Amino acid sequence: MAKKIPLACGECHRILDDDQETCNAHPEAHCTSDWAGYVVILNPERSEIAEKLEITRAGNYALKVNIR
Ligand SMILES: [Zn+2]
């Protein structure tokens, strides 16, 4: 059984849950399965990656999201 690639929000790079099709924080943002670099942010306030990606909430994120 092939596992579906989850979608990532083009706005905040958050990787959505399997049953989600839009980002909770960005309902209007374009979401795509064309992303790379899975990163788990546990402590946004203490993470350099989170700072770089401007992430303020803990969760799973994509480093790069390709939006046409
Ligand atoms: Zn978002």
Side-chain angles (χ1 to χ4, degrees):
M1 198 168 85
K3 197 169 187 298
K4 212 181 125 211
I5 299 166
L7 299 173
C9 172
E11 189 66 32
C12 65
H13 290 199
R14 177 181 275 270
I15 293 168
L16 308 182
D17 294 335
D18 288 344
D19 56 348
Q20 268 189 307
E21 281 182 8
T22 54
C23 176
N24 289 336
H26 310 98
E28 305 291 313
H30 182 73
C31 296
T32 177
S33 57
D34 187 9
W35 54 267
Y38 189 88
V39 55
V40 179
I41 304 291
L42 297 173
N43 296 295
E45 55 285 323
R46 281 192 269 155
S47 164
E48 280 179 35
I49 302 167
E51 199 178 289
K52 217 180 243 179
L53 296 175
E54 296 178 3
I55 290 164
T56 54
R57 287 171 60 203
N60 304 328
Y61 292 86
L63 281 178
K64 193 162 171 264
V65 178
N66 298 313
I67 303 166
R68 279 150 296 169

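Everything quoted here is computed from the prediction, not taken from an experiment. Note that ligands are numbered from 1 as they come in the structure, with each ligand's atoms numbered from 1 the same way. Numbers here are sequence positions counted from 1.
Angle subtended at the Zn ion (ligand 1) by C12 SG and C23 SG: 110°, rounded to 10 degrees. Atoms SG of C9 and ND1 of H26, as seen from the Zn ion (ligand 1), are separated by an angle of 120°, to the nearest 10°.
Minimum interatomic distance between A58 and P44 (heavy atoms only, all atoms of both residues): N-CG, 3.5 Å. Here the closest non-hydrogen pair linking Q20 and L7 is O-CD1, 4.1 Å.
Distance alone, capped at 3.5 Å, is enough to place a donor-acceptor pair between the W35 side chain and the P6 backbone. Within the 3.5 Å criterion, the main-chain N or O of A62 finds a donor-acceptor partner in the side chain of H13.
In summary, no N, O or S atom of H13 is located under 2.8 Å from the Zn ion (ligand 1).
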